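First the structure, in the form of structure tokens, and then the observations on it.
Indexing begins at 1, ligand by ligand and atom by atom, following the structure's order. Since we're looking at a predicted model, the values are computed, not measured.
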Amino acid sequence: MPLPKAELHLHIEGTLEPELAFELAARNGVELPYADSDELGKAYDFQDLQSFLNLYYELMAVLRTERDFEDLANAYLARAAAQGVRHAEIFFDPQAHIARGIPMGTVVEGLWRALGSSEQNHGVSTRLILCFLRDESAESALETLEAAKPYLDRITGVGLDSAEVGHPPVKFREVYEAAASLGLRRVAHAGEEGPPEYITEALDVLGVERVDHGLRCMESPELVERLVRERIPLTLCPLSNVRLRTVDTLADHPLPAMLDAGLVCTVNSDDPAYFGGYAGDNFDAVRSALGLNEDRLRELARNSFLASFLEDDEERRARYLAEVEAYEFS
Ligand SMILES: [Zn+2]
């Protein structure tokens, strides 16, 4: 039995495996420039951020109907459950779909068809987080939030993702204020490729409660001290960092130093179909490459539930935390 954990940094579009991409392409009559899923699988072995993003956006073309989004989410939830994920807070990128003519309602309702029955079908509780693409304009983000208003009973919070450098958090001040006034929780990618100042800005200007990645906080002792003092969780994605060359090898990952510093770290999969593994694979990878002991692994699992947006269901959080404490490593 795998260690129980919550996954807090997961882009649902990044869970599209080559086999499902081909199945959906066939169902929707979309032509993919690959002979079969094996050839497409080879394209997943990309070499840098740009080739990853090209493939990522190219394959989104196969997602067209509610049923497609439902199938995508169910495939992820089944894989996550098999790796010990008990709770998942799932990002989605509506702008990438709206730009292709797929309405917000198709995306949210399709995902909800899987998420709404995930506990019964997969034993995984869920939350949905709407992400704004930071390389799109602030106006586009505001329009996206507006389009999401009929679906806010399905959406727990907002996030900020895609190309970080050159798109500081402050660009999205207005839409984050609007999201806060709607009662939405707030997270943002910061300090993955961007400087530590972006993390500070995400906290001070956007009011984020959790920082996605946040790796580069380690360049600023003052910032580390603040993140520890305020117990701001960081959602780290070790295999993603290696594939996108944020770190050279897994053995170079700062996770042990971050835990030693007292940071509230969690381990997540980011875009697992593309980055070589799901949540449990990331745990296994850091365990073997970084030699994390059982206390550290348990701490990571505990942090994931403490950092999750379960304030509306503290009984459930307590149950998950008890599972972590009772877990026996094999
Ligand atoms: Zn991410």
* **All side-chain hydrogen bond (donor to acceptor under 3.5 Å, both in side chains) counterparts of S140, not counting sequence neighbours** => Q95
* By side-chain hydrogen bond (donor to acceptor under 3.5 Å, both in side chains) - contacts of E201 (at least two apart) -> none
* Asked: Using 30° and 60° as the class limits, which term best fits the ring planes of H87 and Y320: parallel, tilted or perpendicular?
  -> tilted
* Work out how many protein N, O or S atoms lie closer to the Zn ion (ligand 1) than 2.8 Å. => 4
* Aromatic centroids of F46 and Y44 separated by under 6.0 Å -> no
* Asked: Residues two or more places apart in sequence or in another chain: which of them pass side-chain contact (heavy atoms from CB on, under 4.5 Å) with E119?
  -> S125, R316
* Structure fact -> d(F132 CZ, S137 OG) to nearest 0.5 Å is 11.5 Å
